[in-house]
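Given the structure is predicted, the values throughout are model-derived calculations rather than measurements. Letters go in sequence order (proteins before strands), and every chain restarts at 1.
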Amino acid sequence: MDDIDAMFSDMLQEMDLLTQSLGEEAESAPLPKPSTIPGPQEMNFSVGFTDFNASLHNLEDNDLDALMADLVADISATEEKFATEKDTSKGSAPVAPIPSQPQSNFSLPASNDTSRHATFSNSIAAPPPPPASKPSKDELEEQVKADKIKLALEKLKEAKVKKLVVKVEITDGSSKTLMVDERQTVRDVIDNLFEKTHCDCNVDWSVCETNPDLQTERGFEDHENIVEPLSTWTRDTENKVIFQEKKDKYEVFRNPQNFYMWKKEKQSLKDMKEKDKEQLLEENFCGASVIVPDLEGVLYLKEDGKKSWKQRYFLLRASGLYYSPKGKTKASRDLVCLVQFDNVNVYYCKEYRIKYKAPTDHCFILKHPQIQKESQYIKFLCCDDEWIMTLWVTGIRIAKYGKQLYDNHKAAVRKAAGSATWANRTIQASSSPSTPSPTPKAKAANGHAPQPAVETKGSSNQTSFPPPPPSMETLPPPPPDPMLPPPPPAPPSTTKVNKFPPPPQFPQSSFPPPPMDDLPPPPPPPPEDSELPPDFLPPPPPFFSSCGGEALPPPPPDPMASLPPPPPAPQNFASSGGAPPPPPPPPPPPAPAPAANKPAGSIRKVAPPPPKRTTPQLAAPSGGNLMSELMTAMQKKRTQ
Amino acid sequence: MASWDLSVSVEELGPDAPPLKISVTSELHIGGVILKVVEKSQIKQDWSDHALWWEQKQQWLLKPSWTLDKCGIHADARLCLTPQHKPLRLLLPSGNTLRLKACFSSPVFRCVTGLCKLLNIRHPEELSLLWPVEKKKKKKEKDVEEELYDITRAPLSSSVIPKLASGMPAFFAETPETEAVYKMLAVSQPAPAPETIAKLYRSTTITEKAHINSRWLDSSRSLLQQGVKENDKLLLRYKYYTFHDITPQTDAVRLTQLYEQARWAILLEEIECTEEEMMVFAALQYHIGKVSLTEQFMASCPAMDDLDSALQCLEVKMEGESSADDMLETMTAPELHDYLKIFRPKRLTLKGYKQYWFTFKDTTISYFKSKEESCKEPIQQMNLKGCEVAPDVSVAGQKFCIRLLIPGPEGMNEVYLRCEHEQQYSRWMAACRLASKGKTLADSSFSSEVQSIQSFLAMQKTTPSTNTAQTDESINTHSLVSPRYQKKYKPKQLTPRILEAYQNVAQLSLTDAIQKFLQIWQALPDFGLSYVVVRFKGCRKDEVLGIANNRLIRIDLSVGDVVKTWRYNTMRQWNVNWDIKQVAIEFDGNVNIAFSCVTADCKIVHEYIGGYIFMSTRSREQSNTLNEELFHKLTGGHEAL
């Protein structure tokens, strides 16, 4: 137990440190969902700090609350994951989902103590310690202790997961805001966006980054972790994330002959039989090593640091991009390596004729992803026409990613065909409920430890927080959100945020669960929550789109019909900063359900869509305790 | 029925003994003839492997029930009773010579199948035999009798070969000598001395490469029919560059020999690669050589594999259980600190290196004015994640620098760190390398990274006496590259370049490293092309036909450019006119080509094309059954019909 105590105190200390660092950027926190207001506003941006700690810098107290809530949610997710570790090949998913929803609520500038309370209470209520009571042997205790340690460690780990809030622009002019964590792949994000938009979900949809400084655009590959490239953006970046169809993304798999037999006239390749195409793919992608198209030809190269573009004869090989120096043959031994692909990505460029006096506008560059501005370390290349550029860029992608690209495509096709995913998710969801039980005792232990730590820090007295158990159900989602606030860094975004009417957002986030009840179809979303972190707002998607920009009002009504709480809840949130009392109202409606469920966790899960929300909560209990301790600590501090 | 005398020589009687005369009738069948000869020879031994060879006709009489009449044998025939299996010296891809008994009476295809069975190489259809290059004997070449591995006592390949659990044929386990042979087969050979490479090396034009392919034996005829004598030397090589279903657990010998063939192809520039690729190949060779010394062929033993994986499992479990402690310890995560010197060439100053107090934590280097100020704000912090790390080292000059290219929004920042001595350097270097990959000092590979850096430094220390082949610590880097680069770079220039490539492969296991080598080899643009000089119908000049597993290419001999590509899947049919030695091929869309072969027999071209078609018919399901009949049908030519 001492260990655990120590650990917790450590953790608390960390939290303290974090809070200390919160001072400065107080207001930047919220990332409003632009979508609510369809207006003309420009949506820039979105990504925040490079790392979590950094992002914490700018938080204020209320943000801190949000953060706490988020942590709570995270922990619950972690626990789930912990418990269901075996079947969690999709591990990344569990954590993220929950937080996202809450995010919107908390991110708002208004302080929402009430909401926080609610979350706490939830966690407390949830803990019903089933396992602890059962057998009370030494061994068991040992076991429990070990479990606790593990759990605590998991939590610590989780807490370290980097998350970003990303605003994704969509080609129709709207945009969506998502929270992503560092374990999510681009594929997860795309799937998430599929749910939030009414696109046709074909394989060409890509998430792209643009860089206005360099006038570049690159589609992320489906297997990439999206947080990594985004976190290398500078704070004042004008870069954007765009969700759009990119024909060239998987063109090579639709018409491999155009790439692998590029020397032949395109016309003659037009009618190639599907069977032959398949064989071509098989030969080039399914062998012991992936074969890179044997591209060669004259391209223009902008010499390092110079303004002129020189023609060179380039050849693509699996090991890199080469050119043959003047007066030499094309023999391999004479080739000069321009660049190898390990550390660079390839980007399409726009309007380089003007910007860099390129011979044509069909340019691409190769650069380290972290480089954001013009630099001698960027390789500038220019092609005669667009098709040649597509050939080279695709060739380079094949050389860089190899079979991964092929696998991505297969997965994308499967997704596009739509199907199995839902089933899987639901299954997982059901499995998760049992997790919470193992850690009942831990809670108690936690409780002791944290307090002392807090006190040492100098925070004032502990105050007990209102433990309204029922409220939990309704509120659970919000806690996770807090994490998101950090991203706000981008100053422009913040201002915009302010402009946005916060209330509408709230309703959306808080409501998502209710709508689910109303709508039978949603069932899939719930499972997602539990399983896949990527989908932060599974339930909302439908709403989002439907409610869309202006239709905010509609969502509330829906929930209302099914669940009384919805209407009041939003209000509470909105007012949360000011009026704590409101919180109670929302809880009541949800409360009944949870109470019933709690006795038998499994039963709950069985319940229709709405339960999903609950599942995370259930899982949370153990985490909740720990977190609650933290919360109390925070509270003390505040009161002081 | 008139009887007449048939003269049959028997090898066992000695070379000078006169042929035995036996009285036969035309109705006597071959079996009867053998019986009579054996009786007359009065030698008691096991004759079961013997058969009659008809010298004038250069053919075996292998059907015991056929009568002399049916065979067309008359009194003037000179027959010879001789064993079907004779010793042969087989030059393996690794360069080792193996003496073993091969079947001289069956078609080469089946002979190779037998050899491969003996050597435990699956998919023998991918290999074949070819004549060695005739050596012009200048002066009196000291016939340095090469090291010979003799397994002529192994059971004949026609019999069933029992295997041990490890996949090793049982007879290899009989004596220590035979076990050594198997080890030779299954473990890659140490790097050759640079002169060995230089001696074997010849500048290879495409025409010369084409000549290599004229030396393949005919798969549909027997060794004796093709003039191979007892104890002759033949090369065993992979002929068809499509390697079916490689499974490292059971393919130890196959994989090793394939690696050896690929390695020599690289070293002798039989296949061209760029300098960058050569450095990667060199690094992999170095790594494979090093790991082979330790892993030996334990890895090839499935039982050991199981044990390994079990151990690993256990390790993981332990890790899982101890993770609590580990995590707690991360509070005191390992760090490095030292006084180092830093230099940023970017600033246009001649100040050179300045000394600071450096600490390395997680993936970040921070430096301070002095140790005492290390609790204050660092002068600068550099996160190395995603950076490029290169050594700038001279052991002789006692210069131990690390060159870092750290990416930032504005570009790459170049930084040099100078360490005092080797120990310090290898620790910091290892930390930088790990950090560039996003790993921290706490990563388990840290110590092995340090070691590999040190062992690589050792390469620079030992003044490379050119003769040294690879021993466990030192290696002459010239042994790892082709003579072109031996001339271009000194060993100490090569070392850092190979080291650079090495950092990406240093953590690979033996089989992974071998497979990586093969992968990169197979990704080379010219991989898998077998060349033949041909003359297309209606053309006046020679051109080169390149034959690959999926296509034929036509290459302009003077420029070396690919003129045209035809893929097999558009091929309707191909014919060989054996009289005028012309191959004619028809492709979809009424494309017809015809050519005569200049450097190789058209049977060889025919066999290549048919062989590749055959290879493509292999399916994963029946990966171990060999359809010999189909092979001969596709490759046999007129003899098969």
Side-chain angles (χ1 to χ4, degrees), chain A residues 3 6-7 10 50 146 149-150 152-153 156-157 213 228 232-234 237 261 263-264 268 273 275-276 279-280 283-284 287-292 294 296 315-320 322 329-337 340 342-343 367-378 399 402, chain B residues 242-243 246 269 271-278 280 320-321 323-328 330-331 383 385-388 405-414 436 438 482 484-485 504 515-516 518-527 549-551 559-562 564-565 567 569-570 589 616:
Chain A
D3 292 351
M7 291 209 16
D10 274 336
T50 29
I149 293 174
K150 272 191 191 173
L153 290 171
L156 280 176
K157 248 190 209 164
D213 272 343
E228 204 176 318
T232 64
W233 290 5
T234 52
T237 188
M261 300 162 74
K263 284 176 190 163
K264 302 211 176 187
S268 67
K273 291 176 214 143
K275 214 182 87 188
D276 290 339
Q279 196 190 341
L280 209 53
E283 274 171 19
N284 292 297
S289 53
V290 166
I291 308 297
V292 172
D294 56 342
E296 55 177 71
L315 296 97
L316 179 67
R317 299 169 73 100
S319 57
Y322 295 81
T329 64
K330 291 193 299 177
S332 309
R333 56 175 178 269
D334 292 330
L335 296 179
V336 176
C337 185
Q340 296 187 289
D342 301 329
N343 294 318
K367 68 169 182 76
H368 193 289
Q370 276 178 253
I371 299 179
Q372 301 290 322
K373 303 210 167 104
E374 187 180 344
S375 149
Q376 55 165 332
Y377 294 97
I378 300 179
Chain B
T242 156
F243 313 110
I246 291 184
E269 287 183 21
I271 182 167
E272 286 201 346
C273 63
T274 64
E275 197 170 310
E276 284 73 18
E277 287 155 355
M278 182 62 85
V280 176
E321 271 155 29
S323 71
D325 299 334
D326 289 350
M327 287 288 286
L328 289 173
T330 52
M331 305 297 177
N383 190 342
K385 207 168 164 187
C387 78
E388 287 175 33
L405 264 185
I406 306 169
E410 315 277 337
M412 309 291 267
N413 302 307
E414 197 175 5
S436 73
S482 73
R484 177 187 311 281
Y485 297 102
N504 292 323
Q515 285 187 304
K516 176 105 188 172
L518 295 177
Q519 265 174 22
I520 302 177
W521 175 54
Q522 290 178 63
L524 295 177
D526 295 339
F527 167 79
N549 67 339
N550 58 357
R551 67 194 191 277
V559 192
D561 279 351
V562 174
K564 190 96 181 128
T565 302
R567 293 171 52 82
N569 62 351
T570 62
S616 69

Item checked: Distance, nearest 0.5 Å, that separates CD of Q370(A) from CG of N383(B) -> 7.5 Å

Note to self: How long is the straight-line distance from OG of S332(A) back to CG of D526(B), given to the nearest 0.5 Å?
What the structure shows: 5.5 Å

Item checked: E410(B) and E374(A), any side-chain heavy atoms less than 4.5 Å apart -> no

Item checked: Partner chain A: residue of Q522(B), R484(B), Q515(B) with the largest heavy-atom pair count (under 4.5 Å) -> R484(B)

Check: Which value, rounded to the nearest 0.5 Å, describes the distance between N504(B) atom CG and D342(A) atom CG?
Finding: 6.0 Å

Note to self: Counting heavy-atom pairs closer than 4.5 Å to chain A, which one of G589(B), C387(B), S482(B), G408(B) comes out on top?
What the structure shows: G408(B)

Checklist line | Over 12 foreign heavy atoms within 6.0 Å of CD, E228(A) | finding: no

Next item on the list: Go through the atoms of T565(B) and report whether side chain, backbone, both or neither lie under 4.5 Å from a heavy atom of chain A.
Entry: backbone

Checklist line | Heavy-atom contact with chain A under 4.5 Å, split by part of F527(B) | finding: neither

Check: chain B heavy atoms under 4.5 Å from K264(A): which part of the residue, side chain, backbone, both or neither?
Finding: side chain

Margin query: Quick check on the interface: out of K385(B), M278(B), E388(B), E269(B), who has the most heavy-atom pairs with chain A under 4.5 Å?
Written below: E388(B)

Item checked: Region of D294(A) in contact with chain B, defined by heavy-atom distances below 4.5 Å -> neither

Check: Can we say R567(B) and E283(A) salt-bridge, meaning some charged N sits less than 4.0 Å from an Asp/Glu carboxylate O?
Finding: yes

Margin query: So which residue, P369(A), A288(A), A146(A), A318(A), ends up with the most heavy-atom pairs under 4.5 Å with chain B?
Written below: A288(A)

Check: Are any of the side-chain heavy atoms of Q279(A) and N550(B) separated by less than 4.5 Å?
Finding: no

Notebook entry, point to check: When rounded to the nearest 0.5 angstrom, what is the spacing between OG1 in T274(B) and CG in D334(A)?
Noted result: 11.0 Å

Check: Any ion pair linking E272(B) and R333(A) (charged N to carboxylate O, less than 4.0 Å)?
Finding: yes

Note to self: Report which part of V290(A) has an atom under 4.5 Å of a heavy atom belonging to chain B: side chain, backbone, both, or neither.
What the structure shows: backbone

Item checked: Side chain / backbone / both / neither for A331(A) at chain B, heavy atoms under 4.5 Å -> both

Check: Of the backbone (N, CA, C, O) and the side chain (C-beta and beyond), which part of I520(B) lies under 4.5 Å from a heavy atom of chain A, both, or neither?
Finding: neither

Check: Under a 4.0 Å N-O cut-off, is there an ion pair linking D561(B) with K330(A)?
Finding: yes

Checklist line | Pairwise distance CE(M412(B)) to CD(Q376(A)) - rounded to 0.5 angstrom | finding: 10.5 Å

Next item on the list: For chain A, find which of C273(B), A523(B), G386(B) contributes the most heavy-atom pairs closer than 4.5 angstrom.
Entry: C273(B)

Next item on the list: For the residue pair S319(A) and E277(B), confirm or rule out a side-chain donor-acceptor distance under 3.5 Å.
Entry: yes

Note to self: Let me confirm one number: the CZ-CG distance from R317(A) to L524(B), rounded to the nearest 0.5 Å.
What the structure shows: 6.0 Å

